[in-house]
**Student:** 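Handing you this structure, nothing more for now.
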Amino acid sequence: MMLSPQEEVGQRIEEALRLVIDPELGLNIVDLGLVYVIGVNDSGGARILMTTTTRGCPATSFLKDGAQQAAIAVPGVTSAEVSLTYDPAWKPEMMTSSARVQLGFGPDNDT
Amino acid sequence: MVGATLSRWSMSYFAVALACLLAGEALMVVGFGFPSAELRAPDSLVLVHLIAIGWLSLLMFGALFQFVPVLVAKPIYSNTLPLPTLALLVVGLTILVGGFLQLGGRIPALHSCFSPAAVLLGCGFALALWNLGRTLWQARPLPLAARFVTVGLLCAAATATLGFVFALVLDGSASGPPLADIATYGIPVHAIAGLSGWLTFTAIGVSYRLLAMFMLAPESETPRSRAVLYYGTAALAVAIVGGTVAIGMGGHPTAFLLVAGLLGTCALSLYGADILHLYRARKRRKIELNARMAAIALANLAGVAVLSVVLVAASQFEDQIGAIVFLAAFGWLTGLGLAKLYKIVAFLTWLECFGPVLGTTATPRVQDLVVEPRAAKWFWIYFAGVWSATACLLLDAPEVFRASAVLMLGGTTGIAVEIARTRLLLDVRPELRILHLARRPALLASQ
């Protein structure tokens, strides 16, 4: 299936966001499920909607700025805006299965 | 910004606090104060206040300046007030220690130290409580953990106020009832307000949030956690308000303290059930050293409760109060404090050094700043010392107690060195240190 240019840039942004780790869990924010939406418009403007594992976390501003810096460095991105939301609040179930394995989720705790 | 920023002076609080803990343990090693002297002897009071104010209160304030904003998702009211607050508390404590040394005849008493110490410590506590209180006030309605902290801060105010009265009576600035009565009979109330209210209740509140946060455990207000808050608050109100009023009216606080003990036991039992649930329901199965050592500290808190009940049943409570207070101060509060300090310093150092370059290059994890197997050894040495020392107190063996204190001092020194190594990034692999990009941390302040 052919991807639109915006979708391609969106994928590259997602890949770039893997450089940003949650320092406490040690995994990147994409695999942790902290990135809710990545949108790119026709002129290369990127908008990212993300959250943090806990509201009020001291790392919040660093994670937000890190996501912005990673996105703006992607070729084809002319501007990057990152917004935070806590609706819905992040839950461990939002992680990818590989992230869960890395954090040692037992099979009984996987739901 | 949603959330918190870095507390600039928390590292200074932690450094001074650790220095006071090491000094206190060194005094126990050389046989200064309790148990070589009576619990209420001036030398013992030096030791008690070095630990209660110098170690535990400074540690708690340093942590709260960073984590109250996390609890309420609002910035701290003032990020500059903590420095003058620290100066007032340190100078006030130094002079207070001088006052106790005068009282014991160890230094000349040309001018009494108690009134100036009371004023300086009173101002220090007032500034800290004002800063934290304003932060909490602007975040109403408060989440559960923050309500525990609010009650804890009110108890800190009560503890400091009673201490202020004692100091004025001790150097003769105040006399006659009811202040003289409060100074004579109010010491148990002062100790309960400080140890159970300010330090334990605040630690309980923070533990609900931090343990859930670091172990990915479900975080929710339940009827049981609210019951812990209500029973605990009732226990503290009965002990502190009831006890002080009883003394002020010429009576004795014993009946109030017994009722408070019953209510407090209910609160602790429910809290224990909550904590067991938190550990069992955690999503993060491989928990870090800080959470494992916090579990040992929590077991020590349970030990304090069980020991108290057993000693009351055996009519030995008053005779063994020193052992109970010791286990509470060193097994529970200091154990938890050291475990969380080990984590907090790594976390804050990571934020300060690597947070600004996030998204531009690969960064280490917080766990890459520490070497847990090495630190674990020091924690076990510390706890072995505490258990052995508690047994010595129960068995009235002060000489063996000093050998146990050597273990505690050795363990704490090892943990302090590990924390300093973390702060200076000495254990980060060179390829991950990226110091050409990251900030190099200052030892005692955050930028």
Side-chain angles (χ1 to χ4, degrees), chain A residues 13 16-30 32 48 50-74 80 82-87 89-95 99-111, chain B residues 1-7 10 66-76 139 143 145-146 209-210 212-220 280-288 343-344 346-369 446:
Chain A
I13 291 174
L17 290 178
R18 291 180 197 276
L19 198 57
V20 182
I21 63 163
D22 179 290
E24 172 52 27
L25 298 178
L27 298 174
N28 71 71
I29 58 175
V30 175
L32 285 173
I48 295 161
M50 63 175 287
T51 191
T52 57
T53 54
T54 183
R55 199 182 178 101
C57 168
T60 302
S61 61
F62 295 117
L63 290 168
K64 191 174 170 229
D65 292 349
Q68 199 274 339
Q69 294 198 58
I72 197 73
V74 171
V82 181
S83 307
L84 284 172
T85 183
Y86 290 92
D87 185 19
W90 178 82
K91 290 187 293 190
E93 291 76 17
M94 293 175 177
M95 293 189 226
R100 294 186 208 185
V101 169
Q102 285 188 63
L103 286 176
F105 276 35
D108 298 339
N109 297 278
D110 208 29
T111 54
Chain B
M1 184 186 81
V2 178
T5 184
L6 284 177
S7 165
S10 285
Q66 181 63 60
F67 283 101
V68 163
V70 176
L71 297 184
V72 299
K74 297 267 185 204
I76 190 82
R209 184 71 197 275
L210 286 194
M213 195 165 97
F214 288 142
M215 297 197 301
L216 298 182
E219 204 180 321
S220 59
R280 284 179 182 152
R282 71 183 192 273
K283 288 286 183 183
R284 196 173 184 178
R285 305 312 294 171
K286 295 174 195 160
I287 54 173
E288 296 174 355
K343 175 71 191 182
I344 292 169
F347 188 62
L348 297 183
T349 300
W350 188 97
L351 289 180
E352 190 181 340
C353 297
F354 301 107
V357 297
L358 207 54
T360 60
T361 185
T363 46
R365 305 165 306 156
V366 174
Q367 274 301 90
D368 294 323
L369 273 62
S446 300

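In the text below, chain A, chain B and the rest are named by the order of the sequence lines, each starting its count at 1. Remember, it's a predicted structure, so these values are computed and weren't measured experimentally.
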**Student:** For B/Arg285 and A/Leu103, indicate whether the former's side chain and the latter's backbone hold a donor-acceptor pair under 3.5 Å.
**Tutor:** no
**Student:** Looking at A/Trp90 and A/Leu32, would you say the former's side chain and the latter's main chain have a donor-acceptor pair under 3.5 Å?
**Tutor:** yes
**Student:** If you count heavy-atom pairs under 4.5 Å with chain A, which of B/Glu288, B/Arg365, B/Gln367 comes out on top?
**Tutor:** B/Arg365
**Student:** Just to verify, what does A/Asp65 make a side chain to side chain contact (heavy atoms under 4.5 Å, CB included) with, not counting sequence neighbours?
**Tutor:** none
**Student:** Please state whether the side chain, the backbone, both or neither of A/Leu63 comes within less than 4.5 Å of a heavy atom of chain B.
**Tutor:** both
**Student:** Does A/Gln68 have any side chain to side chain contact (heavy atoms under 4.5 Å, CB included) partners at least two apart in sequence or in another chain, and if so, which?
**Tutor:** A/Ile72, A/Ala80, A/Val82
**Student:** Between B/Asp368, B/Leu351, B/Val366, B/Leu348, which shows the greatest number of heavy-atom pairs under 4.5 Å with chain A?
**Tutor:** B/Leu351
**Student:** Can you tell me which of A/Ala16, A/Gly26, A/Ala73, A/Ala67 forms the most heavy-atom pairs within a distance under 4.5 Å of chain B?
**Tutor:** A/Gly26
**Student:** Heavy-atom distances under 4.5 Å only: say whether B/Pro218 touches chain A with side chain, backbone, both or neither.
**Tutor:** neither
**Student:** I'd like to know if the side chain of A/Thr60 and the backbone of A/Cys57 have a donor-acceptor N/O pair within less than 3.5 Å.
**Tutor:** yes
**Student:** Against chain B, label A/Pro23 side chain, backbone, both or neither, depending on which of its atoms sit under 4.5 Å from a heavy atom there.
**Tutor:** both
